[in-house]
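Structure first, then comments.
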Protein chains: 2
Amino acid sequence: MQFSPVQPVRAYQRIVEQVEDALARGELVPGQRLPSERELVAQFAVSRSTVREALRVLESNGVVRSRPGDPNGPEILPFSQVALRKQMVRLARVEEVTLSELIGFRMIMDGAAIQVASRLRTPEELDELEQTLVAMRTAIDVDFDAFSQADLAFHELIARISRNSLIQTCNEVVRGVVLGLISDKIAHAPNSRALMLESLHHHAEVVDAIRTGNGNAAARLARQNMFDYYAGYVPDSEQETLRALIEE
Amino acid sequence: MQFSPVQPVRAYQRIVEQVEDALARGELVPGQRLPSERELVAQFAVSRSTVREALRVLESNGVVRSRPGDPNGPEILPFSQVALRKQMVRLARVEEVTLSELIGFRMIMDGAAIQVASRLRTPEELDELEQTLVAMRTAIDVDFDAFSQADLAFHELIARISRNSLIQTCNEVVRGVVLGLISDKIAHAPNSRALMLESLHHHAEVVDAIRTGNGNAAARLARQNMFDYYAGYVPDSEQETLRALIEE
DNA sequence: CTAGTCCACTGGTCAGACCAGTTGCTCTCC
DNA sequence: GGAGAGCAACTGGTCTGACCAGTGGACTAG
């Protein structure tokens, strides 16, 4: 007879589990309301502190929202990847993670999004992509921040067209972290305008490949462009892993 | 003069922010301890309930761990795959993330790991890969669990050879989540042994491509194998996004 | 030296009080 | 009749204080 180690489970955790189980079974759906805290105290037969601690956890997971004075009780929120995103951010910000790892990961994510988008995109979505190119062209004459915003819109659209929310979330996170690390260097580069123009040209090439539905070519182009753009910020000794992602 | 809408910030949220800011600035590092709850009450000049609600949020974010009776106060945690995995599992349960999205993500991660590993692998690492194939061959005659373990060792080694911790982590997490969702179906398939043999054959093909340093071919092979293996578990209407990842 | 007990701390939960915010209803004034 | 003010009953946010189980270290007895 073999026993295994036991672990006490806190009362508030039990409440969290019950609520999430009810969500998984469809017995609670977004838009609905939980009972008030005082009602939950009665139903769960615990103190109000315990209920509130459970609600803090659920809130942090993006499951519910509480508003003071709201007479209808805590609201179930639409499902979102807020908490997953938080964990991805924590992963990306681990101290030992290098810039080259982040850039490599971004190349993979962007490349994959573009590859899938090339196959799945509708004509309307292709039009939207063209519009983002126009916006990028306009933003060049404003400033680097405006160009970054337009660039962001381009990549967010690509990720949306890929219809994979994990790609979307990872892409957003790693793009944000990479940009946070080297944004100053890029914005203050002496040839900033030239870089923006070249970047726009590359984006247009990618859109062309997407238009023709050539996923592999589009992904390879995008990865090559990212390598060219970012390799200068990475130590020579770490570029090998990035090169592996652009070979034919 | 333009004013913007204001939003009250709760006291416990302020505490969460202060702790997370201190982490971001490196003033707190994993392994360190926060002061005890009663000490935090004094430092933040709030009630103990408020401190505890903040700690529930931080705990839910994977930032700290509290143990009853621990005389050293709440512990700062390093990033952990467990928390990332937990969030992915939550999303899968409510179908905010579909099986096809998870499988697609896995194809991308595994494919990328194999592509980079093809370039970076050392002769010693290639030997290690061969050993995992031997272990898989042996495990077929044991049972599906043993084969799964050997399969896991293969993929973990590949991810390690890729020298990208983001790929490693995401790969491990998503593999665990996918396997958790469909493991029962696979283990009880009537042709389980045939599936394991075929899977072993595919892994050997991948290792061959890695040996010759052909990253693109290895990655494509791996993604094709995963598509063949998993496509049956995905609705027809969602297979298009997976097909995009295996086209030439 | 080892085992047991005690003490001072830790975190988990409870009960009750008070406060600010929200909503709906009623009353008064124009 | 319509608009505004006031009130009551609720909501969630925070506070205070008490009690309990768990942990580790110090002390004592064998």
Side-chain angles (χ1 to χ4, degrees), chain A residues 3-20 22 28 30-77 82, chain B residues 3-20 22 28 30-77 80 82-83:
Chain A
F3 294 110
S4 53
V6 296
Q7 190 87 284
V9 179
R10 296 141 179 198
Y12 72 84
Q13 191 58 50
R14 280 280 185 246
I15 296 172
V16 171
E17 285 165 8
Q18 283 197 42
V19 172
E20 300 215 291
L28 277 180
Q32 280 186 341
R33 301 294 186 132
L34 291 182
S36 71
E37 288 179 4
R38 290 166 175 99
E39 177 63 31
L40 292 173
V41 165
Q43 290 193 24
F44 288 117
V46 293
S47 73
R48 197 166 149 220
S49 294
T50 304
V51 163
R52 292 184 56 78
E53 291 190 16
L55 286 172
R56 292 299 78 76
V57 174
L58 289 166
E59 220 167 29
S60 182
N61 285 343
V63 175
V64 303
R65 171 166 57 180
S66 299
R67 284 191 254 214
D70 185 342
N72 301 307
E75 177 185 6
I76 307 282
L77 293 177
V82 163
Chain B
F3 295 110
S4 53
V6 295
Q7 190 85 284
V9 180
R10 293 126 180 220
Y12 72 83
Q13 191 59 51
R14 281 280 186 244
I15 296 171
V16 172
E17 286 165 6
Q18 283 197 42
V19 172
E20 297 197 316
L28 279 179
Q32 280 186 340
R33 299 297 185 131
L34 291 182
S36 71
E37 290 179 5
R38 289 165 175 101
E39 177 63 34
L40 292 172
V41 165
Q43 291 193 24
F44 288 117
V46 293
S47 72
R48 196 166 150 220
S49 295
T50 305
V51 163
R52 291 184 55 80
E53 292 191 14
L55 286 172
R56 291 298 79 74
V57 173
L58 290 167
E59 215 167 31
S60 182
N61 289 345
V63 176
V64 302
R65 171 167 53 181
S66 299
R67 284 191 251 216
D70 185 341
N72 301 308
E75 178 185 4
I76 307 283
L77 294 178
S80 146
V82 171

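Because the structure is a prediction, the values reported are computed rather than measured. The sequence lines fix the lettering, A, B, ..., with proteins before strands; numbering per chain opens at 1.
Atom CZ of B:Arg14 is separated from atom C1' of D:dT14 by 16 Å (rounded to the nearest Å). Across the protein-nucleic acid pair, A:Arg33 atom CZ and D:dC10 atom C1' stand 14 Å apart, rounded to whole Å. Counting to the nearest Å, the C1' atom of C:dG16 and the CZ atom of A:Arg38 are 11 Å from each other. Whole-Å rounding puts the A:Glu39 CD to D:dT11 C1' distance at 13 Å. In this structure, CZ of A:Arg52 is placed 18 Å from P of C:dG16, rounded to the nearest angstrom. When the C1' atom of D:dT11 is taken as reference, atom CZ of A:Arg65 falls 15 Å away, rounded to whole Å. Residue B:Arg48 contributes atom CZ, which lies 7 Å from atom P of C:dG11 at whole-angstrom precision. Per the geometry, CD1 belonging to B:Ile15 stands 11 Å off C1' belonging to D:dT14, to the nearest Å.
Here the straight-line distance linking atom CD1 of B:Ile15 with atom CG of B:Leu58 works out to 9.0 Å at 0.5 Å rounding.
Annotation for A:Ser49 and B:Ser49: closest pair OG-OG, 4.2 Å, computed over non-hydrogen atoms.
Taking 4.0 angstrom as the limit, A:Ser66 places none of its side-chain polar atoms (N or O) nearer than this to OP1 or OP2 of D:dT11. Within the 4.0 Å cut-off from OP1 or OP2 of D:dG13, not a single side-chain nitrogen or oxygen of B:Ser49 is found. Contact annotation: B:Ser47 side-chain N/O to D:dC15 OP1/OP2 distance is under 4.0 Å. Here A:Arg56 reaches the OP1 or OP2 of D:dG13: one of its side-chain N or O atoms lies under 4.0 Å away.
Contact annotation for A:Pro8: no contact, since no heavy-atom pair falls under 4.0 Å across all strands.
Distance from the side chain of A:Arg10 is smallest to C:dT13 among C:dT13, D:dG24, D:dC19. Each of D:dT14, C:dG11, D:dG13 was ranked by its minimum atom distance to the side chain of B:Pro68; first place goes to C:dG11.
Annotation: of the two residues near DNA chain C, A:Val51 and A:Pro71, the 5′-most nearest-nucleotide partner is A:Val51. In this structure, B:Ala45 and A:Asp70 both approach DNA chain D, and ranking their closest nucleotides by distance from the 5' end singles out A:Asp70.
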*Any chance you could lay out the salt bridge (charged side-chain N to carboxylate O under 4.0 Å, His left out) test for A:Arg10 and A:Glu53, step after step, and finish with the verdict?*
CA-CA 10 Å; A:Arg10 296 141 179 198; A:Glu53 291 190 16; over 6 Å; no
_Please evaluate residues A:Asp70 and A:Arg65 with respect to the criterion salt bridge (charged side-chain N to carboxylate O under 4.0 Å, His left out), reporting the C-alpha separation (whole Å), side-chain torsions for both, the decisive distance (0.1 Å), and the verdict._
CA-CA 10 Å; A:Asp70 185 342; A:Arg65 171 166 57 180; over 6 Å; no
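You'll find the side chain of A:Glu59 stays beyond 4.5 Å of the side chain of B:Arg56, heavy atoms only.
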